[in-house]
Trainee: 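Structure incoming, see below.
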2 protein chains.
Amino acid sequence: MEHIVDNIKSQMRKGLLEYCILLILNKKEAYASSIIEELKQANMIVVEGTLYPLLIRQKNQGLLNYRWEESTQGPPRKYYMITDKGRSLISEMDLAWQEIVSTIETIRK
Amino acid sequence: MEHIVDNIKSQMRKGLLEYCILLILNKKEAYASSIIEELKQANMIVVEGTLYPLLIRQKNQGLLNYRWEESTQGPPRKYYMITDKGRSLISEMDLAWQEIVSTIETIRK
DNA sequence: TTTAAATACCTTGCATAACAAAGTAGTATT
DNA sequence: AATACTACTTTGTTATGCAAGGTATTTAAA
């Protein structure tokens, strides 16, 4: 039974990930590990194998850019930042998210 | 650009589908076409090829049951109804849904 | 009575994407 | 030099939404 819940829960979160990445980078540029950390703080567990391909995808879609930056401790970090295109996508996604919330309310009645 | 939005939107809705089916059947038993109709009313477009396998899956998980019923116009209909197990899953999903909504709020800050 | 339209259920094959797991590589510490 | 740590990347598996096509029943028109 519990695995059914976990499965649906992870299903639910799946579609929201792309939106969350954009929201996070809209506040401040960040590198992968720090994004994972912020998501974890907000109760959304994401692993590297999920995030890296997603960042690359969004970068290829022109929603993000990145630059390398040396770290004081450890290897260089790839800092991602949102583009104008990414920002304008957020506006549309904000609307889409509101629609979804209201859809659930409508169905629940 | 528009296809990116549509893609993410459909991604978002994906995970919510199972939850929506349970919510709908929690109110009243229904057959596939009527479920599709209700989802459409709530702004969530779903096609048969998506819904049928999902209903069968949920039935196999013991969340739903069904019975056949003659129709006054057309072939017999398979009416699905929620089980006790399905109902108790809804309680957990309600919580999960609230968590997700609050996750988005946290991330947006 | 055949044909067509409408309704309903089901299946196949494809594309996408999340994830586990393993790999590569730079930096710091012992 | 060896180990630990941090960070980025890739591969293979699995799940699933969906387009498209298929089957079956009923009703109504030709």
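Naming convention: chains lettered A, B, ... in sequence-line order (proteins, then strands); numbering from 1 in each chain. If you're wondering where the values come from, they're calculated on a predicted model, not measured in any experiment. The figures here come from the full heavy-atom set of this structure, side chains too, leaving out hydrogens, waters and symmetry mates.
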Trainee: Among D:dA7, D:dT16, C:dC9, find the nucleotide with the atom closest to the side chain of A:Arg77.
Mentor: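 Side chain of A:Arg77 sits closest to D:dA7.
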Trainee: Is B:Tyr31 near enough to C:dA8 that one of its side-chain N or O atoms lies under 4.0 angstrom from OP1 or OP2?
Mentor: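 For C:dA8, OP1 or OP2 has a side-chain N or O of B:Tyr31 closer than 4.0 Å.
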Trainee: Counting N and O atoms only, with roles assigned by atom type, does the side chain of B:Thr106 sit under 3.5 Å from a partner on the main chain of A:Ala42, one being a donor and the other an acceptor?
Mentor: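 Side chain of B:Thr106 to backbone of A:Ala42, a donor-acceptor pair under 3.5 Å: no, none is there.
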Trainee: Distance check needed: D:dC8 P versus A:Glu69 CD, whole Å only.
Mentor: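 For the pair A:Glu69 CD and D:dC8 P, the rounded distance is 11 Å.
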Trainee: When Watson-Crick pairs (N1 to N3 and N6-O4 or O6-N4) and G-U wobble pairs (N1-O2 and O6-N3) count only below 3.5 Å on both distances, what is the dot-bracket string of DNA chain C, with | for other-strand pairs?
Mentor: ||||||||||||||||||||||||||||||
Trainee: Could you state the interatomic distance from CD (A:Glu99) to CE (B:Met12), rounded to the nearest 0.5 Å?
Mentor: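 Separation between the atoms: 10.5 Å.
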Trainee: Looking at D:dT10, I'd like to know if its phosphate oxygens (OP1 or OP2) sit under 4.0 Å from a side-chain N or O belonging to A:Tyr52.
Mentor: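 Checking D:dT10 against A:Tyr52, no side-chain N or O comes under 4.0 Å of OP1 or OP2.
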Trainee: Please check if any side-chain donor atom of A:Tyr19 sits under 3.5 Å from a side-chain acceptor atom of B:Arg108, or the reverse.
Mentor: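 Looking only at side-chain atoms, B:Arg108 and A:Tyr19 do form a donor-acceptor pair, the distance falling under 3.5 Å.
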Trainee: Enter the distance from B:Leu63:CG to B:Met81:CE here, rounded to the nearest 0.5 Å.
Mentor: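 Answer rounded to 0.5 Å: 14.0 Å.
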Trainee: What's the CG-P distance between B:Leu16 and D:dT16, to the nearest Å?
Mentor: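 To the nearest whole Å, that distance equals 14 Å.
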Trainee: With rounding to the nearest 0.5 angstrom, report the OH to NZ distance, A:Tyr79 to A:Lys28.
Mentor: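 Going from OH on A:Tyr79 over to NZ on A:Lys28, the span is 7.5 Å.
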Trainee: Given atom CD1 of B:Ile36 and atom C1' of C:dA6, what is their separation to the nearest angstrom?
Mentor: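 In whole Å, C:dA6 C1' lies 15 Å from B:Ile36 CD1.
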Trainee: Nearest whole angstrom, please: distance from the C1' of C:dT16 to the CE of B:Met12.
Mentor: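 Distance check: B:Met12 CE to C:dT16 C1' gives 17 Å.
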Trainee: Roughly how far, to the nearest 0.5 Å, is CE of A:Met93 from CD1 of B:Ile8?
Mentor: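 Atom-to-atom, B:Ile8:CD1 and A:Met93:CE are 5.0 Å apart.
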Trainee: Round to the nearest Å and state the distance from A:Ile56 atom CD1 to C:dC19 atom C1'.
Mentor: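 Checked: the CD1 to C1' distance equals 15 Å.
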Trainee: Rounded to whole Å, how long is the line connecting atom CG of A:Leu55 with atom P of D:dT10?
Mentor: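 Computing the A:Leu55:CG to D:dT10:P distance gives 13 Å.
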Trainee: According to the salt bridge (Lys or Arg N to Asp or Glu O under 4.0 Å) rule, which pairs have a member within residues 72-88 of chain A, sequence neighbours left out?
Mentor: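 Matches after skipping sequence neighbours: A:Asp84-A:Arg87.
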Trainee: In whole Å, what is the span from the CG atom of A:Asn7 to the P atom of C:dC19?
Mentor: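 Spelled out: CG on A:Asn7 to P on C:dC19 is 11 Å.
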Trainee: If every non-hydrogen atom of B:Cys20 is compared with every non-hydrogen atom of A:Ile107, which pair is closest and at what distance?
Mentor: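 Smallest interatomic distance, heavy atoms only, reads SG-CD1, 3.6 Å.
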Trainee: Would you mind building the protein contact string for nucleotides 17-28 of chain D? One character per nucleotide, 5' to 3', B for base within reach (heavy atoms under 4.0 Å), S for sugar-phosphate only, - for untouched.
Mentor: SBBB----BSS-
Trainee: Would you call A:Glu38 and A:Lys27 a salt bridge, taking side-chain N to carboxylate O under 4.0 Å as the test?
Mentor: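 Here A:Glu38 pairs with A:Lys27 in a salt bridge, since their nearest N and O are under 4.0 Å apart.
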Trainee: Rounded to whole Å, how long is the line connecting atom CG of A:Leu64 with atom P of D:dC8?
Mentor: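 Distance, rounded to whole Å: 14 Å.
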